[in-house]
Amino acid sequence: MTEATGIVGEFLALKEETDADLLAMQCGDFYEFFDEDAETVADELDLKVSQKSSHGSSYPMAGVPVDDLTPYLTALVERGYRVAVADQHETADGHERAITRVVTPGTLIETTDDDAQYLAAVVREGDGYGVAAADVTTGQFFVTSVEDDDSEGALLTELYKFDPAEVLPGPDVRADEALLDRIRERTTATLTLHAAESFAPGRARHTVREQFGDDTAESVGIDDDEAAIRAAGAVLAYVEETGQGALASVTRLQTYSGSDHVELDATTQRNLELTETMQGDRSGSLFATIDHTVTSAGGRLLQQWLVRPRRSRAELQRRQSAVAALAEAAMAREELREVLDGAYDLERLASRAASGSADAGDLLRVAETLALLPRAAEVIDGTERLAESPLSEIVAGADREAAADLAAELDAALTEDPPGTVTQGGLFRRGYDDELDEIIEQHEAAKEWIETLDQREKERHGITHLQVDRNKTDGYYIQVGKSEADDVPEEYEAIKTLKNSERFTIPELEAKEREILRLEEQRGDLEYELFRDLRERVAERATLLQDVGRALAELDALGSLATHAVRNDWTRPELVEGRDLNIRQGRHPVVEQTTSFVPNDLAMDDDRRFLIVTGPNMSGKSTYMRQAALITLLAQIGSFVPAESARVGLVDGIFTRVGALDELAQGRSTFMVEMQELSNILHSATDESLVILDEVGRGTATYDGISIAWAATEYIHNQVRAKTLFATHYHELTGLADHLERVANVHVAADESDGDVTFLRTVREGPTDRSYGIHVADLAGVPDPVVDRSRDVLERLREEKAIEAKGSGGGEPVQAVFDLSSGSFQQGGESGGERATADGGAAAEADADGAALDPEAEAVLDQLRDLDVNETPPVELLSTVQEWQKRIDED
Ligand code: ADP
């Protein structure tokens, strides 16, 4: 292929300069994509591809009009592409083109989605990781670092909470393919390998200081946290370099960690279906169920609360009191919701102002929304119940007067229905600027002169069919009917002949036309300048906008919690220190929406810290345990809870392990995943955590599984001491309640009569020993012969167990029995005597027909038992063992 020249050549050369996926290059009134980019864009956006020839070669080309670029860009970026934009600039000798910005999934200001849009950077530092995440659309900026036994897990948990649109892996992370794969698995982020220098400590620290001031890092406690600083610096540098200019709205550095933090790992967030279901749907999640917010900022905040529950009792009680007040003051709550309903997304508007992409309509929306703060305050101050609640502090947190002033300033400046373009005038009200008024007056006078010209000319020259008009090609003209065309005065200069009329112009008209064009240009330029000043002033108030936005969002989120509480008869939980979890008539917040739900009690405290939950399959064990976790979680975001009453001891973390369907779909072994999750819980949970185990050990052979479940129970009970609910189908475990002091049994009851099983959904004290699995198999349509045969088998197993139990009275042992007190398998029927520790099915089988051991082997065993290893010289030991081997082999 010959080297492309001309416009295509220029495109390809610019493409070399950027690592963006696509390049949009301005060519006059269009942004064009060439070559492969044209194909990609045409495919994604349904554009037509044409061909551009360049020196004998032909290149695909697709373009979009300059004014329409934004929606196309947005669509491309939301599909995960990073798009570089090269603008065309006029120069003294023609024009030149240069890349002015790169629009990426993490830096897109014009997003069409209400969700938060995070750009995250991840760096490795020693055994830990630093994470920074910025939402340029709202100016939110978070930074933290994680380091513990499973730093990688903790990192993925953080990323999962942000669900970033784009991730910048630092140099170390980049080299770790396995970790990159896990990030890809856990998020939908575009991974961007950004310049490694921006992650360097010195440079990053400098960037952070420039953005937030010299002392901020120190005052929020991350100054000597190299990992956090490096990640923060990289995010800021990247935003800056993409040229999106949104940095001005990033004003506050937020860190989180420490004592107020409730650990909620990624697995648990998914298991509890906080923001999406296990199947990945949003509807059916806890958030979708409780969300009644009326603004997008309110929705984002509520979602943020859900994935970041708190431990600070003061903060939670503050939210509770606000919810309680709103729940009681129904009228005011509705009024407040109506006020908020008119709110636009102030945080986002602040970012658009700061990045220079806000238009006049956006500024009016800022004004409209700012003006809602005093109105919301009025509702709150005017209702005693609300005025005495923490709500009044929330509105007081933003500067009401400053908000009203800025709103008034914007209203006074901008016309009611300004045009969408900011360069062509028509934005400002009269009286805003003297110079502008002057231009407008002159413009109007000139227009007036033209509008009345026909009248004057008619009178002056006695022509009846005369009109003054304007079109694109001829500009202003005087049109005279054919019959009178010969009567026009001499100064009329003919410019066009039509079928029934003639068009003329006169010098004065031409002069006026030039004047009008000049005035229009002046007006456009001046208004654009004034507008930029005004937008700049709004951008300077970004913090005010964010404060007001935050206050309105908080009112919205609290109003949503109150609304849900009232509609669903939720109650205010009592928050206590210590390990109580006492729920009367609790319900599952999501399941109660679609089912006539049977409420259940739950009682846990210091001395009753570990509940083993048994009951038939499908009876409601999972629901009961999740309900406990969700009620705890709701309590720790300050919400009311679905129960008649609840006393909730604040936890430092919620850990869950439930069926791992999705992991299976990803091709990771279920049992491995199950054990990884268990391992994480055993490492991370503390005596102040809540642990939910929904079956442990099911993914392996029974004896293996039971042993692991057994040992895990002991370990949690003795070492971890976390508040734990453990559902198991190993009924053997229920015996542990007799041996471990803080373990108790509960079961979900079912009623079995005439072979039919009715699920009662009621949780009762004590264990149960029946699974009703066959009943469920029947319900599920497993063929009759299989169902019947399993009934037979079950019957036999039960009978034999019964015989075997009697066997301890002296009968022949036929089967191994599980010994609850020791946690090992004993040979049935021998009272406390010989024990064959089973570490698998094989040994147990040997025991089962143990009576059949041949005499020779029996003799060897006897000798082995009697042998005192410590007193026998090694050489003798060796020969004895050899002899034994011979005796058994001969057999
Ligand atoms: P398990 O864990 O015992 O197999 P699940 O908790 O999955 O059972 O519950 C089985 C079904 O019973 C679910 O569809 C759930 O909606 C319903 N269910 C569970 N608990 C209740 C309850 N208390 N009231 C009404 N329906 C319930």
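One-based numbering, in listed order, for ligands and for the atoms of each. Here, residue 1 is the first one in the sequence, and each next residue gets the next number.
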* N/O to N/O below 3.5 Å, does that happen between F597 and ligand 1? -> no

* Asked: Starting from atom 17 (C) of ligand 1, which protein heavy atom do you reach first, and at what distance in Å?
  -> R761 CZ, 3.7 Å

* Does the side chain of D265 pick up a donor-acceptor pair with the side chain of N680 at under 3.5 Å? -> yes

* Asked: Any cation-pi pair here, R319 with W305, using under 6.0 Å and within 45°?
  -> yes

* **Distance flag for atom 23 (N) of ligand 1, protein heavy atom under 4.0 Å** => yes

* Where ligand 1 meets T623 - atom numbers and elements under 4.0 angstrom, heavy-atom basis -> 5 (P), 6 (O), 9 (O), 15 (C), 19 (C), 20 (N)

* Would you call R318-E315 a salt bridge at under 4.0 Å N-O? -> yes

* Asked: Any cation-pi pair here, R764 with Y624, using under 6.0 Å and within 45°?
  -> no

* To do: Assign the ring pair F597 / H588 to parallel, tilted or perpendicular, where the plane angle (0 to 90°) is split at 30° and 60°.
  => tilted

* Considering only NZ, NE, NH1 and NH2 on the basic side and carboxylate oxygens on the acidic side, decide whether D605 and R579 come within less than 4.0 Å. => no

* To do: Ignoring angles and geometry beyond distance, decide whether D694 reaches within less than 3.5 Å of ligand 1 through its nitrogen or oxygen atoms.
  => no

* Asked: In the protein, which heavy atom is nearest to atom 4 (O) of ligand 1, and how far is it?
  -> M618 N, 2.7 Å

* Asked: Between S596 and ligand 1, does any nitrogen or oxygen pair lie at a separation below 3.5 Å?
  -> no

* Verify the distance criterion only: is there a donor paired with an acceptor across the side chains of Q320 and R572 at less than 3.5 Å? => yes

* Has ligand 1 got any nitrogen or oxygen that is less than 3.5 angstrom from a nitrogen or oxygen of Y624? -> no

* Asked: Going by heavy atoms in the side chains, are R337 and T563 under 4.5 Å from each other?
  -> yes

* **Any S619 heavy atom less than 4.0 Å to ligand 1** => yes

* Distance filter under 4.0 Å to P616 heavy atoms, resulting ligand 1 atoms -> 3 (O)

* Asked: Is the closest heavy-atom distance from A727 to ligand 1 below 4.0 Å?
  -> no

* Structure fact -> In ligand 1, the atoms that come under 4.0 Å of a heavy atom of G620 are 1 (P), 3 (O), 5 (P), 6 (O), 8 (O), 9 (O), 19 (C), 20 (N)

* V591 N/O to ligand 1 N/O under 3.5 Å -> no

* Taking both backbone and side-chain atoms of T595, is any N or O found less than 3.5 Å from an N or O belonging to ligand 1? -> no

* May I ask you to say whether E276 pairs ionically with R282, meaning some side-chain N is under 4.0 Å from a carboxylate O? => no

